[in-house]
Amino acid sequence: MKVPNGIKNFFMYSAGHTYTNLSRLFLRLFIGLMFCLVAFRQILHISTIAPQFSGFLSLGAEDSIIMIAILELFCATFIMLGFLMRVALVPSIAIMAYAEYLVFSPEVSSGVFTFTPGYPVMFLGVFFFLLLAGPGKISVDYLIAVNIERNREEDEVLDNV
């Protein structure tokens, strides 16, 4: 059976041309926005979450929730910008691992952080992907790296003169 040239060209083009940097940008923006929404929900529903939350670092429940929400907002902003993204992913992963623990913790009633089982795992999967893949070329990290490389090359040229 002969495959028409239009179909061949479509598959050859779509298989060879990818938009990895644009895809990473979209994923960073999407997951960052979702992470911001989680933080805002925690702040908005702090009165219902606080009685179920024991707190940590010798802070009260409300102070702990506010601290977590602020950390989530900072990390989400850094992830969306692609600025120190891999550094921002470390506390994000820890927060979502803790949230998954709370979802299945027998001493905590369901409804803490309004997560359903699997929701924090979805965040963890995307965070690990971004940790491995990096921010891509459409990011502040890439612009900084290009600038550092350009300055290093200029310094080498000046050293050789």
Side-chain angles (χ1 to χ4, degrees), residues 13-152:
Y13 181 81
S14 65
H17 296 334
T18 61
Y19 298 98
T20 58
N21 293 309
L22 195 59
S23 300
R24 286 188 234 176
L25 172 65
F26 172 77
L27 190 59
R28 284 193 346 256
L29 293 175
F30 177 76
I31 205 69
L33 181 63
M34 294 302 294
F35 210 39
C36 282
L37 290 175
V38 168
F40 287 133
R41 284 187 190 139
Q42 289 173 4
I43 293 170
L44 289 175
H45 302 303
I46 196 166
S47 60
T48 58
I49 296 172
Q52 302 172 4
F53 190 69
S54 61
F56 62 91
L57 297 175
S58 69
L59 294 173
E62 287 187 6
D63 293 336
S64 296
I65 293 168
I66 290 170
M67 186 184 76
I68 289 171
I70 290 170
L71 184 61
E72 286 173 348
L73 289 172
F74 274 113
C75 290
T77 303
F78 282 22
I79 290 168
M80 288 189 288
L81 292 173
F83 177 65
L84 298 173
M85 187 191 75
R86 287 183 167 138
V87 174
L89 284 168
V90 173
S92 303
I93 288 170
I95 290 169
M96 284 298 114
Y98 185 63
E100 184 66 17
Y101 162 75
L102 289 177
V103 167
F104 291 109
S105 177
E107 57 270 351
V108 178
S109 64
S110 63
V112 172
F113 299 111
T114 62
F115 285 136
T116 55
Y119 189 55
V121 173
M122 181 268 310
F123 274 103
L124 285 170
V126 174
F127 289 158
F128 277 117
F129 171 80
L130 289 173
L131 190 67
L132 293 172
K137 289 184 177 181
I138 309 172
S139 67
V140 175
D141 283 352
Y142 181 76
L143 294 175
I144 291 171
V146 167
N147 192 26
I148 289 171
E149 183 63 25
R150 185 177 305 129
N151 289 339
R152 187 182 66 79

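Side-chain contact between E72 and C36: absent, with no pair of heavy atoms (C-beta onward) separated by less than 4.5 Å. Here the side chains of I144 and F83 are in contact, with some heavy-atom distance below 4.5 Å. Proximity of R24 to S139: side-chain heavy atoms (C-beta onward) are nowhere separated by under 4.5 Å. With a 4.5 Å cut-off on side-chain heavy atoms, M80 and F30 do not count as touching. Contact check for I31 versus M122: side-chain heavy atoms found under the 4.5 Å cut-off. For the pair F123/S92, no side-chain contact is recorded, criterion being any heavy-atom separation below 4.5 Å from C-beta on. Under the 4.5 Å side-chain criterion, counting only non-hydrogen atoms from C-beta, L131 is in contact with I93.
In this structure, the separation between CD on Q42 and CD1 on I68 is 6.5 Å, given to the nearest 0.5 Å. The NE2 atom of H45 lies 12.0 Å from the CD1 atom of I65; values are rounded to the nearest 0.5 Å. To the nearest 0.5 Å, atoms CD1 (I66) and CG (L71) are separated by 13.5 Å. Annotation: the span from L89 atom CG to I79 atom CD1 amounts to 4.5 Å, rounded to 0.5 Å.
Listed by chain and number, the residues in a ring-ring contact (aromatic ring centres under 6.0 Å, His included) with F128 amount to none (sequence neighbours excluded). Evaluation of the side chain to side chain contact (heavy atoms under 4.5 Å, CB included) rule for I43 yields A69 as partners, not counting sequence neighbours.
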Walk me through whether F35 and F127 qualify under ring-ring contact (aromatic ring centres under 6.0 Å, His included). CA-CA 11 Å; F35 210 39; F127 289 158; 5.2 Å; yes
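The shortest non-hydrogen separation linking L59 to M67 is CD1-SD, 3.9 Å. Of all heavy-atom pairs between R86 and L132, the closest is NH2-O, 3.3 Å.
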